[in-house]
Number of protein chains: 2
Amino acid sequence: MSDVSDGGAAAARPGRSRRRTDLSEREIVAAALRLVAREGADNLTMRGLAAELGLSSMASYYHVPSKTVLFDLVADAVLADVRVPDSEEPWEKRLREMFISARSELARYPGVAALLLSRTSETPNMRRLSSELRRALRQAGFDRAESDALGEAFTIYLFGRLIFEGRAVAESAAPAEPGPAGARPADAFETGLDLLLAGTRELLRTTSRD
Amino acid sequence: MSDVSDGGAAAARPGRSRRRTDLSEREIVAAALRLVAREGADNLTMRGLAAELGLSSMASYYHVPSKTVLFDLVADAVLADVRVPDSEEPWEKRLREMFISARSELARYPGVAALLLSRTSETPNMRRLSSELRRALRQAGFDRAESDALGEAFTIYLFGRLIFEGRAVAESAAPAEPGPAGARPADAFETGLDLLLAGTRELLRTTSRD
DNA sequence: ACCTGAACACCGTTCAAGT
DNA sequence: ACCTGAACACCGTTCAAGT
C-alpha cells in the first residue's frame with residue numbers, strides 16, 4: 001500500500017503521536033474497506049464504521065473529520081493496489097493491463113467507482129494512475145492535450161462500466177448460465193476496452209504524427 | 001410491483017378517474033423536473049417535491065409510491081426529448097447525433113445520468129433509445145451480440161461522461177478562460193465520442209464481415 | 001488523547017386520521 | 001379521492017462531557 005504518510009487525502013488530526021495514530025489510521029481504513037467489500041460504499045456509514053471498530057456511534061468523528069474524507073481514504077486505498085506495467089512495455093499493453101488491474105481492484109469494492117467518477121478530490125493514487133495513463137498515451141504518440149482527453153475517456157469508461165456492472169440485478173434469481181466450457185465469455189468490460197484501444201490506434205493512424 | 005399496464009415507469013394508483021389523474025401525473029413529473037433542473041437529482045426529495053407542488057410534506061406519497069418510481073418517471077421524461085435521426089441516414093451520423101442529443105438533454109438535468117447508469121429499471125424511453133442504438137449498429141454491419149456489446153460501451157461512456165462533468169468543481173472561483181474567438185474548444189464529450197466511433201470503424205474493418 | 005451521548009436537521013416510508 | 005401529521009428508523013454533523 002502507499003507509503004504516502006498522509007499526502008492530501010488523510011484526515012487532519014490534532015495530536016502528533018505518530019505511533020498510535022498511524023496505526024489507528026490504517027485500522028480505520030481497513031475497517032472501512034471491510035465494510036465496503038461486504039455492503040458497498042452506499043452503505044458505508046460513519047456510525048457503521050464506528051461499530052465495525054467496536055466503538056460507539058460517534059467515535060468515527062474523532063479519527064476522520066467527515067464522510068468526504070473517509071471516501072477519499074477508501075478510494076485511495078482501493079487504487080493503491082492497481083498495478084502499472086513497466087514503462088518499457090508497448091503502450092497498448094500498458095494501457096490494457098493497467099485498466100484490467102484497476103477494474104479487478106474496483107470490482108472488489110462496490111460503489112467505489114461511483115465515488116471516483118462523481119467526486120473531484122485528487123488522492124495520491126489517483127494522481128499516480130492518471131499520470132501513468134497520460135504517459136502511456138504520450139508514448140503512443142499523442143501530444144499532451146490529446147493524451148489528457150483520451151485518458152479522460154478511458155477513465156470514464158472504466159468507472160462507468162463498474163457502476164453499470166454494480167447495478168442491482170432486480171430480483172431475478174435466475175442462475176445465469178455459466179456458458180460452455182472452452183468458450184470464454186469475452187467479458188463485456190474487455191470488449192469495451194478493446195473498442196477504445198481500437199479507436200486509439202485508428203486516431204494514431206489517421207492524425208498526422210511527427 | 002403491480003399490473004404495470006401503463007408502460008412500466010408510471011406510478012400505480014388505485015382510482016381510475018382518468019381525467020384528473022393523468023393531469024396530475026404530468027404535474028408531478030413537471031415539478032420534479034423543475035426541482036432536478038434547479039438543484040440536481042441528489043437533492044430531489046419526496047418532501048421537496050410536495051413543497052414544489054404547494055402541498056404538505058407527505059403528499060408525494062399519494063401520487064408516487066416510492067422514490068424509486070419517482071426517479072424512473074424523471075429519467076424517462078428526460079429521455080423523452082432525445083431525438084433519433086431518420087434511419088435512412090448513415091449509421092455513424094445516426095449514432096453521433098443521437099448521442100449528442102442525449103447528452104444535451106441530460107446536461108440540463110444534473111444527476112439524472114447517474115441514476116440511469118446505476119439503476120436497473122427499464123422505462124419506455126430507455127427501451128426506445130437502446131433499441132435505436134442497437135439498430136444503428138446492426139446497420140453498420142455488426143451482429144446482434146456485437147451490437148449489444150458495443151451499444152453498451154457507448155451508453156456507459158455517455159452516462160459516465162455526464163457524471164464526470166457534473167462533479168463539484170471544488171471551490172476554484174477561477175473564471176476559466178473562455179478561449180480564443182475562433183478556436184472551438186472541441187468539447188471533451190465529442191472527443192470521446194469520436195474515439196468510440198473511430199474504434200467502431202476500426203472493428204468494422206478488422207473483423208470479417210459478410 | 002480518546003471516546004461517549006444527546007441533540008439538530010435532515011432523509012424515506014407507513015399509517016391513522018381528517019375533509 | 002386527496003391530503004395531513006405524527007411517528008419510526010435511519011442519516012451526517014456538532015458539541016459538551018466523561019475518563
Side-chain angles (χ1 to χ4, degrees), chain A residues 6 10-29 31-32 35-36 39-75 111 114-115 118-119 121 168, chain B residues 1-2 10-29 31-32 35-36 38-75 111 114-115 118-119 121 168:
Chain A
D6 72 357
R13 221 183 313 76
R16 54 199 61 263
S17 69
R18 285 315 201 150
R19 206 57 61 105
R20 186 75 170 91
T21 271
D22 283 3
L23 233 184
S24 207
E25 174 157 316
R26 242 168 240 136
E27 283 164 23
I28 304 293
V29 176
L35 274 175
V36 173
E39 330 220 26
D42 295 341
N43 298 308
L44 174 58
T45 230
M46 293 301 267
R47 291 175 221 257
L49 175 59
E52 179 75 17
L53 290 163
L55 300 174
S56 87
S57 312
M58 293 306 121
S60 303
Y61 282 96
Y62 178 74
H63 302 283
V64 176
S66 71
K67 204 177 182 188
T68 304
V69 172
L70 178 59
F71 277 157
D72 285 350
L73 289 170
V74 165
L115 296 179
S118 52
R119 16 190 62 257
S121 34
Chain B
M1 191 165 285
S2 56
R13 219 182 319 73
R16 55 198 63 261
S17 68
R18 284 311 199 158
R19 206 56 62 104
R20 186 76 170 92
T21 271
D22 284 2
L23 233 186
S24 206
E25 175 157 315
R26 243 169 240 137
E27 283 164 23
I28 304 294
V29 175
L35 275 175
V36 172
R38 290 207 310 265
E39 331 221 24
D42 295 342
N43 298 308
L44 175 58
T45 229
M46 293 301 267
R47 292 176 221 256
L49 175 60
E52 178 75 16
L53 289 163
L55 300 174
S56 88
S57 311
M58 293 306 119
S60 302
Y61 283 97
Y62 179 75
H63 301 282
V64 175
S66 71
K67 205 177 182 188
T68 304
V69 171
L70 177 59
F71 277 157
D72 285 351
L73 290 170
V74 165
L115 296 179
S118 53
R119 16 191 62 260
S121 32

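Atoms considered below: every heavy atom in the structure, side chains included; atoms not considered: hydrogens, waters and symmetry mates. The chains referred to below are lettered A, B, ... by the order of the sequence lines, with proteins before strands, and numbering in each begins at 1.
- Considering all non-hydrogen atoms of both residues, A:A59 and A:L55 come closest at CB-CB, 3.5 Å.
- Closest contact between the side chain of A:Y62 and the listed nucleotides D:dT14, C:dT14, C:dC3 involves C:dC3.
- Distance NZ (A:K67) to C1' (D:dG12): 8 Å, rounded to an integer number of Å.
- Put simply, A:H63 has no side-chain N or O that comes within less than 4.0 Å of OP1 or OP2 on C:dA1.
- Within the nucleic acid shown, A:S57 has no heavy atom closer than 4.0 Å to any nucleic acid atom.
- Heavy atoms only, all atoms of each residue included: A:A114 and A:S118 are closest at O-OG, 2.6 Å.
- Listed by first residue number, the stems of DNA chain D with at least three Watson-Crick or G-U pairs below 3.5 Å are C:4-8 with D:12-16, C:12-16 with D:4-8.
- With D:dG12, C:dC3, C:dA6 as the candidates, the nucleotide lying closest to the side chain of A:Y61 is D:dG12.
- With rounding to whole Å, B:M58 atom CE is found 19 Å from C:dT19 atom P.
- Distance, B:L70 CG to C:dG12 P: 9 Å, rounded to whole Å.
- In this structure, A:L44 and A:K67 approach most closely via the heavy-atom pair O-NZ, 2.8 Å.
- Residue A:L49 comes nearest to A:A31 through the heavy atom pair CD1-CB, 3.9 Å, listed as atom of the first residue, atom of the second, then distance.
- Smallest separation of non-hydrogen atoms from A:M46 and A:S66: CE-C, 3.9 Å.
- Contacts between residues 41-56 of chain B and DNA chain C, defined by a heavy-atom separation below 4.0 Å, involve B:L44, B:T45, B:M46, B:R47, listed by number.
- Among residues at least two apart or in separate chains, salt bridge (charged side-chain N to carboxylate O under 4.0 Å, His left out) pairs with a member in residues 47-64 of chain A are A:R34-A:E52, A:R38-A:E52.
- Among all heavy-atom pairs drawn from B:A50 and B:S56, the shortest one is CB-O, 3.3 Å.
- Counting heavy atoms from C-beta outward, A:L35 and A:N43 have side chains that stay 4.5 Å or more apart.
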